[in-house]
Amino acid sequence: MTGLLFCFICRVLLFREIAALVRKEFMLEFRQRHALAGIVIYVISTVFVCYLTLQRVDKVATWGALVWITAIFTVFNALMRTFQAEGQGVQLYLYTLVSARAVILGKMLYNALLVLLLNTFSLALFLLFLGQGITEQADMVQFFTGLVVGSIGLAAMVTFIAGLAYKAGNSPGLMAILGFPVLIPLLLSVVRFSLHALEGLPWSENRFQLLVMGVLTVSAVLLAALLFPYLWRE
Amino acid sequence: MHPVLKVICASLLLYVAVFSLWVPMVPGLTGTDKREVKPGLNTFRVYGYRTHFSQSSASLQAFLEGDSVYYCTEVQALSDHELAVECVLPDTLSAPIMSVYVNNDTDGTIYLPLALRTAAAAISSGKDAGRCEVKVKNNVYTAFGFPFQPVIFESIRNLMWHVPMWFTMFFLMFISVVQSVAYMLKLQRKPSGEALDRQSGVTALVHDRRAAAAVSVGLVFCILGLLTGSIWARFTWTAWWTNDPQLNGALVVFLLYASYIVLRATVEDDEKRARLSAVYNIFAFVMMVVLLMVMPKFVASLHPGKEGTPAFSSYDLDASLRAVFYPAVAAWILFGYWLYNLRHRISRLQETAYEHIP
């Protein structure tokens with residue numbers, strides 16, 4: 001009986017389809033390694049330019065701003081191709097195989113992992129080059145938690161916006177225009193969370209921001225799951 | 001829109017425009033020349049706005065109120081708007097800050113809250129002796145005039161302009177999101193996966209045109225709300241813009257819907273544009289509710305109506321404001337609906353000029 005129930009839940013939540021799609025995304029990314037390498041180089045050069053110009057950052061707000069500016073542009077750069085990478089034909093093929101909901105949820109999951117990886121990498125670089133003067137007082141575990149939750153939220157929202165922009169002809173700049181206002185609420189709470197963490201405030205100060213981030217992310221995922229099937233059909 | 005509604009709307013707008021600017025303010029106090037009081041003899045000036053100090057100098061009284069009320073021994077009217085006050089305070093004062101009250105027969109009891117600081121050395125714990133009460137008088141204008149609030153002063157009239165703009169914007173954006181949902185439901189009614197046939201696909205576009213018309217008119221109200229709010233902020237908070245969650249949220253809402261317009265402009269195909277913009281519109285509406293109604297409630301803000309209180313409860317206690325504010329809200333919402341109807345009809349005409357659309 002419990003097995004049957006488990007099967008049913010898996011079916012409703014599209015686990016199997018999503019898992020297959022995430023696997024497909026991994027393979028696609030692996031075949032187009034140069035794109036990912038481009039983004040990694042972008043991250044390295046950004047952090048290195050920051051290091052060359054600033055040498056040492058003592059102000060918590062400046063450090064937080066640098067990390068998040070890098071994170072946002074990384075997300076936009078990495079996810080701009082998320083629908084473009086697979087051509088029209090592949091999408092038509094997918095449309096016959098799986099539900100649109102599985103497509104967007106699979107992409108969101110994969111993109112969340114990708115963005116998490118890239119942002120962790122850029123954070124590590126920031127700590128390596130510009131960590132002095134910041135890490136002494138900061139609660140880095142807390143900061144990293146904020147980065148994880150924020151990255152997932154950013155990835156979810158930007159994936160949805162990328163789908164919208166792709167369907168609208170993917171004209172350059174459209175994704176930024178559509179994405180910026182949508183991301184602002186999430187960014188506000190993420191930035192506030194990070195600043196608190198960098199100042200070394202206790203967790204109790206930050207619980208509310210974490211809740212806001214969680215609620216925004218979940219609502220973005222739900223809205224995307226609800227609305228994406230309408231985007232998808234031609 | 002029904003002609004009767006148009007007449008009602010126009011006359012309400014006229015009423016609001018006239019009365020929000022014409023109703024006089026009740027008398028009030030604007031400030032004092034000193035900011036600090038100390039034990040012993042204090043002399044200071046008190047300035048009034050629309051007051052009648054000289055005219056009713058016979059009945060003039062002044063008080064200071066901290067934890068107790070201190071009667072001022074000498075009150076002299078220098079003009080209708082300026083008082084010279086002498087007040088002897090006891091050696092021990094417990095309240096760190098005091099309010100000023102002035103009484104006369106014409107203006108009634110008017111006061112300036114938290115006007116004077118007590119000199120730090122003089123503060124002692126415990127209540128002072130010799131407590132007395134202020135006898136509150138009504139002014140001769142009680143039924144007639146907007147309340148005089150410190151800091152806001154005459155700009156309280158902006159209540160009838162600034163607040164209805166946002167109400168109207170919300171109303172229009174709500175219409176817009178309802179139309180977008182209606183469009184999507186029309187699409188869904190067909191058997192799964194199958195595209196609408198040409199005829200019903202085209203008729204469903206009526207919802208898309210309505211949604212777009214509502215957003216474009218709503219954006220105008222959003223801009224007007226931002227402008228009137230900015231002017232008000234300059235007057236009361238001395239800056240055109242302050243870093244406040246409500247203000248920033250309002251600006252982001254403007255950007256959200258501006259990018260809705262941009263999105264529509266980039267897609268050529270009618271049905272595709274309708275579909276994409278409906279999806280974005282629903283997303284944008286949820287974001288707007290989060291930005292303007294949920295987030296600011298939890299963050300410290302200068303803007304009225306924050307931290308759990310609705311936006312206008314502190315004003316609607318006063319009957320004179322209510323008499324203009326409620327008609328103003330009704331008038332602007334009707335006006336917004338009227339403009340939205342016109343905008344929709346224009347876009348329908350523009351399209352039927354090229355091809356026949358039912």
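Sequence lines set the chain letters: A, B, ... in the order given, protein chains first and strands last, and positions in each chain run from 1.
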Part of [X] within contact of chain A (heavy atom distance under 4.5 Å):
| X | answer |
| --- | --- |
| B/V290 | side chain |
| B/L276 | both |
| B/V279 | both |

N/O donor-acceptor pair under 3.5 Å between B/S180 side chain and B/V177 backbone
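Side chain of B/S180 to backbone of B/V177: no pair is present.
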
For the atom pair OH (B/Y257) and OH (B/Y280), what is the distance rounded to the nearest 0.5 Å?
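Output value for this atom pair is 9.0 Å.
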
When rounded to the nearest 0.5 Å, the distance separating NZ of A/K107 from CD of A/E25 is 3.5 Å

For the aromatic rings, using the six-membered ring if either is Trp, is the centroid distance between B/F167 and B/F170 under 6.0 Å?
no

Is the centre of the A/F193 ring less than 6.0 Å from the centre of the A/F143 ring?
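Here the rings of A/F143 and A/F193 have centres that are no less than 6.0 Å from each other.
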
With A/F126, the side chain to side chain contact (heavy atoms under 4.5 Å, CB included) member among A/T70, A/I134, A/V57:
A/T70

Out of B/L263, B/N248, B/V267, return the one with the most heavy atom pairs under 4.5 angstrom to chain A.
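Of B/L263, B/N248, B/V267, B/L263 has the most heavy-atom pairs under 4.5 Å with chain A.
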
Contacting moiety of [X], where chain B heavy atoms sit under 4.5 Å:
| X | value |
| --- | --- |
| A/L216 | side chain |
| A/F180 | side chain |
| A/I184 | side chain |
| A/V212 | side chain |

